[in-house]
Amino acid sequence: MNLQFLKYFVLLAEYKNFTRAAEKIPVVQSTFSAGIKKLEESLDVNLFHRDKRNVRLSPEGQRLLPLAKKMLAQWHEIENEFADGENRLLRLGLLDNIVIEAVVPMFRNYQEIYGQYQVKMIESTLVELFQKLDQEELDGIFIEKQDIDEEFYASRPAFSERLDIAVSHQNPLAAASSLPLEALEGMPFIERTNCPLFEEVTAQMKAKKIKVNPVFQAQNNDTVTSLVSAGVGVSLAAQTNNMISGIKFIPLSDALFVRELIFVWKKSNKSRALKSFISF
């Protein structure tokens, strides 16, 4: 057993999916799965219940999780003893049209294990984020998936954003478990003009001859969620890991609007905090 296997275990407990968890290291799934198996063999227990759709902690896995996090945290405290003050700060950038709530749970889980590192984050445009990355004013950036110069940068998948129908809990549509895009016909609609998928959404509505009733155009995601929660209208918005008070997100049954986000860092950056985040 080694610390890397414990990292695999903590990640799988969080993401409940071998593929997604392996991407966070990143290692190939076969290596990740072998690490989990070796950990289970070392402890002589089954740490997870597995079926075709789900991976969930067994009772033994639930007992191990807080102990594993504690052990990893203790090791990182040892590392911290030999790190200078500058290396204790993780500086991250977030593209300004990404829903920030999507990354907050990631930071919380990271600092639960790597509590010795402080996280500083800014939101900005793509051009400014890359400028700060090149100047090493940022250690890494979350951006939309795209081609990067692999000579200078490295990347890994971060998460994806899927647009669902967002309605207030008082809206009659809130009772549905899924809805077709046509359900928006005639509805008071809050347009997210800063959404990268806006043109794709507009094109599909036009192709399906769906006419909504635009009542507000918003660039800020907080404005959209506030208006939806207040019952001013409905929208197509990205659901985050956190519940948003007063809002029900309903998956589309006949359309899929998804964008993939990646984490990018400069290969020459030697920050210990960055190294810890990449391995998280």
Side-chain angles (χ1 to χ4, degrees), residues 15-21 23 29 51-56 94-106 142-147 157-262:
Y15 289 100
K16 300 177 179 63
N17 180 282
F18 276 89
T19 301
R20 289 183 61 199
E23 288 174 347
Q29 187 174 329
D51 57 39
K52 292 183 178 180
R53 293 187 176 182
N54 300 307
V55 176
R56 66 186 190 279
L94 185 70
L95 193 62
D96 54 11
N97 61 15
I98 295 175
V99 179
I100 192 169
E101 288 87 351
V103 298
V104 168
M106 185 187 307
F142 291 94
I143 62 172
E144 192 167 357
K145 185 177 181 180
Q146 59 187 263
D147 292 332
F159 53 93
S160 61
E161 286 186 343
R162 184 191 72 194
L163 298 188
D164 295 336
I165 297 178
V167 302
S168 71
H169 285 301
Q170 288 72 39
N171 191 297
L173 296 179
S177 58
S178 65
L179 289 168
L181 196 59
E182 287 84 350
L184 298 175
E185 177 71 35
M187 297 291 291
F189 192 73
I190 301 164
E191 296 180 341
R192 299 173 65 249
T193 56
N194 198 33
C195 174
L197 299 171
F198 179 75
E199 292 184 3
E200 184 180 345
V201 169
T202 302
Q204 284 216 31
M205 284 187 173
K206 185 176 180 180
K208 293 177 178 288
K209 298 181 180 179
I210 300 170
K211 294 183 179 180
V212 295
N213 176 24
V215 294
F216 201 96
Q217 286 190 336
Q219 291 188 334
N220 186 286
N221 289 311
D222 291 337
T223 301
V224 174
T225 54
S226 295
L227 291 172
V228 171
S229 179
V232 174
V234 303
S235 188
L236 286 169
Q239 183 174 4
T240 66
N241 293 326
N242 293 337
M243 297 297 293
I244 299 178
S245 177
I247 295 182
K248 171 78 177 292
F249 288 91
I250 307 169
L252 287 162
S253 60
D254 63 344
L256 184 63
F257 304 109
V258 176
R259 68 165 174 163
E260 301 294 328
L261 286 304
I262 59 175

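Scanning both residues, L173 and N171, for their nearest heavy atoms gives N-OD1, 2.9 Å. The shortest heavy-atom contact between R259 and N97 is NH2-O, 2.8 Å. The minimum heavy-atom distance linking A174 with S168 is given by the pair CB-O, 3.7 Å. Smallest separation of non-hydrogen atoms from V212 and L184: CG1-O, 3.3 Å. Residues A176 and I250 approach most closely at O-CG2, 3.8 Å, considering heavy atoms. When all heavy atoms are compared, the tightest approach of I165 to L179 is CD1-CB, 3.9 Å.
In terms of modelled atom types and a separation under 3.5 Å, the side chain of Q146 and the main chain of E144 share a donor-acceptor contact. A donor-acceptor contact shorter than 3.5 Å is absent between the side chain of K145 and the backbone of P157. A donor-acceptor pair is defined here as one N or O able to donate and one able to accept, closer than 3.5 Å; no such pair exists between the side chain of S178 and the backbone of S253.
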Candidate pair V234 and F189, rule side-chain contact (heavy atoms from CB on, under 4.5 Å), full reasoning: CA-CA 5 Å; V234 303; F189 192 73; 4.0 Å; yes
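A heavy-atom distance below 4.5 Å is not found between the side chains of L252 and L256. For the pair V55 and N17, the minimum side-chain heavy-atom distance is 4.5 Å or more. The shortest distance between side-chain heavy atoms of F257 and L181 falls below 4.5 Å.
Summarising the geometry, atom CE belonging to M205 is positioned 9.5 Å from atom CD belonging to E185; distances are rounded to the nearest 0.5 Å.
Residues satisfying the side chain to side chain contact (heavy atoms under 4.5 Å, CB included) criterion with A230, sequence neighbours excluded, are V232.
Of the candidates T202, L236, L163, L197 forms a side chain to side chain contact (heavy atoms under 4.5 Å, CB included) with just one, namely L163.
The salt bridge (charged side-chain N to carboxylate O under 4.0 Å, His left out) pairs that include a residue from residues 205-214 are K208-D254, where partners are two or more places apart or lie in different chains.
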